Asks: 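To start, I am sharing the structure in question, which I have written as structure tokens.
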Amino acid sequence: MRAAADASPASPAPDCVLVIFGAAGDLAKRLLIPALLNLAQASLLADGFKVLGVDHNDGDDASFREAAGQFIQTVAASKDRQVGRREGDAAAWKALSARFHYQVADFEDDQSFQQLAVGIAALAGTGPLNVLFYLAVAPRFFAGIVERLSKAGLVQDQAGGFRRVVIEKPFGEDLASAKALNRRILKHLDERQIFRIDHFLGKETVRNIMVTRFANGVFEPLWNRLHIDHIQITAAETIGVEQRGAYYDKTGALRDMVPNHLFQLLAMTAMEPPNSFAAAAIAAERSRVVDAVRLQPPGEALANSVRGQYRAGKVADHGVVDYRREPAVAARSRTETYVALKLTIDNWRWAGVPFYLRTGKAMRVRDTEISIRFKQAPGALFQHTAGIGAEANTLVLQIQPREGISLQFEAKRPGPDVVAAPVQMDFHFADYFDAAPSTGYETLIYDCMIGDKTLFKGAEEIEFGWRAVQPFLDAWGEAGEVHGYAAGSVGPSAADELLARDGRSWRSIGP
Ligand code: BG6
């Protein structure tokens, strides 16, 4: 990780050809291409930077530039406004899109890769040729593309030039398939060439967790089983499965969100301080804590998990259909669109502290947050005081869409009697920092180009994540109930019981 000694802006990445497999797909449109515009606006792309879009759809440079321009406008007009907020965006886009090229390819055909080699060579300037292959494609193509790139001689580092491959999630669909995928790609690539993406690691609020914990003297001494009662990690989404039914119905909320995104939040919250900011030091600590997640026997895994599936309802003002009526979803699907889990981490710091995780689609509000619930202060002094103990101290790391941190604590209500009431101190990023528009992918793409792997996952970290959720996948099979919950609610009531059993309750989500 770049630990800047001063606040001077980062320098442009080295010259590079970015080859995007799946250039006509959703990820490229919504996130990658807008992120490139943001990088161009921040002067972080080299003069020799070029994009080679690759997909099976017919097209040429002109049609690719045209389509990409339309994606940019759509994103700029959307509510989140991840691009298109800055002066000069139109001019920057014109200059950037002139560097966009396109090549039709069949991802499963060797000849296409021979042609790709010719296409890349044609884009090469005179300097060393750095090439970043971004696999923004369906997971079934990952290993085959790497094998064909290797066969076409495209992944061997050249003198002075790098060859790197970015692999999107989902990386495997369980422990066995993740291991098999690692084995296949590692036959052709060195670990240092592989950038396994989890875009949660690119979020500023996620990266800030390390700073909150380790750059402040006040938190870390309390950050352990002696002072923390439990931790809740929530990623509530308002969107349903949209047009992704075919993928999602085979995947479900657990595979889609837990071993990757939620475990990143868990790892950043629970890991030990790394020895340095070096990528390997940080990744090792993230891995180590995921490795310590206790593997639950089947009965326990069933008791400590709740699955839900959304039924028709309303999110904000929009009607949402029953999940089983969404396009490309099986009429009798048992796939979960909501999951809540109780996990424990078997290490010195966290023994006995439950971690409750939940994530779901079509929920009442969008809210991703980590809440750290501290133990109650000893009660003797205030045992007869009204209001004390109703709410324990809670530190909430708000990841999105609210970005900030809040601390809840007790204060004396003004008046002659001592009556306590919970109050809150809030920090909002936007009040202090003028954040540039961002899709979250800017840092990740830039880091691939400069070769910084801090925000990427190693083979081991991926495998530990799958290993930790495998007991739930195994225990579920056809067993246990998938509870219905109304779209626009906070999930199935069975999830409340999961905590109520331990005498606890979920924090209410949303503002
Ligand atoms: C993706 C999942 O990885 O992350 C999606 O496949 C999910 O189902 C998305 O909606 C959430 O990301 P974000 O950044 O919108 O919270």
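For clarity, every value in this text was computed on a predicted model and none was experimentally measured. All ligand and atom numbering here is 1-based and tracks the order in the structure. Note that these values count all heavy atoms, side chains included, but never hydrogens, waters or copies made by symmetry.
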Asks: So that I can tick it off, tell me whether Glu369 and Arg402 are bridged by a salt bridge, with the cut-off set at under 4.0 angstrom between side-chain N and carboxylate O.
Replies: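 So Arg402 pairs with Glu369 through a salt bridge.
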
Asks: What protein heavy atom lies closest to atom 10 (O) of ligand 1? Include the residue and the distance to one decimal.
Replies: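 Answer, as residue, atom name and distance: Glu237 OE2, 2.5 Å.
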
Asks: Which protein non-hydrogen atom lies closest to atom 12 (O) of ligand 1, naming both residue and atom, and how far is it?
Replies: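 Heavy-atom neighbour on the protein nearest atom 12 (O) of ligand 1: His199 NE2, 3.1 Å.
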
Asks: Among Glu461, Glu168, Glu191, which residue satisfies the salt bridge (charged side-chain N to carboxylate O under 4.0 Å, His left out) criterion with Arg196?
Replies: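 Result for salt bridge (charged side-chain N to carboxylate O under 4.0 Å, His left out) with Arg196: Glu191.
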
Asks: Which ligand 1 atoms, with their elements, are less than 4.0 angstrom from a heavy-atom of His261?
Replies: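 Selected atoms, number and element: 1 (C), 3 (O), 4 (O).
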
Asks: Hey, which atoms in ligand 1 end up nearer than 4.0 Å to a heavy atom of Lys361?
Replies: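 Heavy-atom distances to Lys361 below 4.0 Å select 5 (C), 7 (C), 8 (O), 10 (O).
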
Asks: Quick one: does Tyr248 get within less than 4.0 Å of ligand 1, heavy atoms only?
Replies: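 Checking ligand 1 against Tyr248, which is what was asked, there is no heavy-atom contact under 4.0 Å.
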
Asks: Do Arg286 and Met268 make a side-chain contact, defined as non-hydrogen atoms from C-beta onward lying under 4.5 Å apart?
Replies: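 Counting from C-beta outward, Arg286 and Met268 do come under 4.5 Å.
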
Asks: For atom 15 (O) of ligand 1, what's the nearest protein heavy atom and its distance?
Replies: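 Here the closest protein heavy atom is Arg366 NH2, 3.4 Å.
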
Asks: Any atoms of ligand 1 less than 4.0 Å from a non-hydrogen atom of Gln400? List them with their elements.
Replies: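 Result: 13 (P), 16 (O).
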
Asks: Hey, what's the ring geometry for Tyr134 with Tyr441, parallel, tilted or perpendicular (30° and 60° as the breaks)?
Replies: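 Ring orientation of Tyr134 relative to Tyr441: tilted.
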
Asks: Can you tell me how the ring of Phe219 sits relative to the ring of Trp223, calling it parallel under 30°, perpendicular over 60° and tilted otherwise?
Replies: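 Ring orientation, 0 to 90° scale: perpendicular.
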
Asks: If you count the atoms of ligand 1 from 1 in the order shown, which ones are under 4.0 Å from a heavy atom of Asp256?
Replies: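 Answer for ligand 1: 2 (C), 5 (C), 6 (O), 8 (O).
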
Asks: Can you name the atoms of ligand 1, numbered from 1 with element, that are less than 4.0 Å from a heavy atom of Lys203?
Replies: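 Once the distances to Lys203 are compared, the set is 13 (P), 14 (O), 16 (O).
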
Asks: Check ligand 1 against Lys169 and write out every atom of the ligand that is under 4.0 Å from a heavy-atom position of the residue.
Replies: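 Matching atoms, with element in brackets: 1 (C), 2 (C), 3 (O), 6 (O).
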
Asks: Taking Tyr338 as the fixed residue, which of Tyr485, Tyr310, Tyr323 is the one that meets the ring-ring contact (aromatic ring centres under 6.0 Å, His included) rule?
Replies: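 For Tyr338, the ring-ring contact (aromatic ring centres under 6.0 Å, His included) test succeeds with only one of Tyr485, Tyr310, Tyr323, which is Tyr485.
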
Asks: In this structure, are over 12 heavy atoms from other groups packed under 6.0 Å from Arg325 atom CZ?
Replies: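 No - once you tally the heavy atoms of other residues, nucleotides and ligands closer than 6.0 Å, there are 12 at most.
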
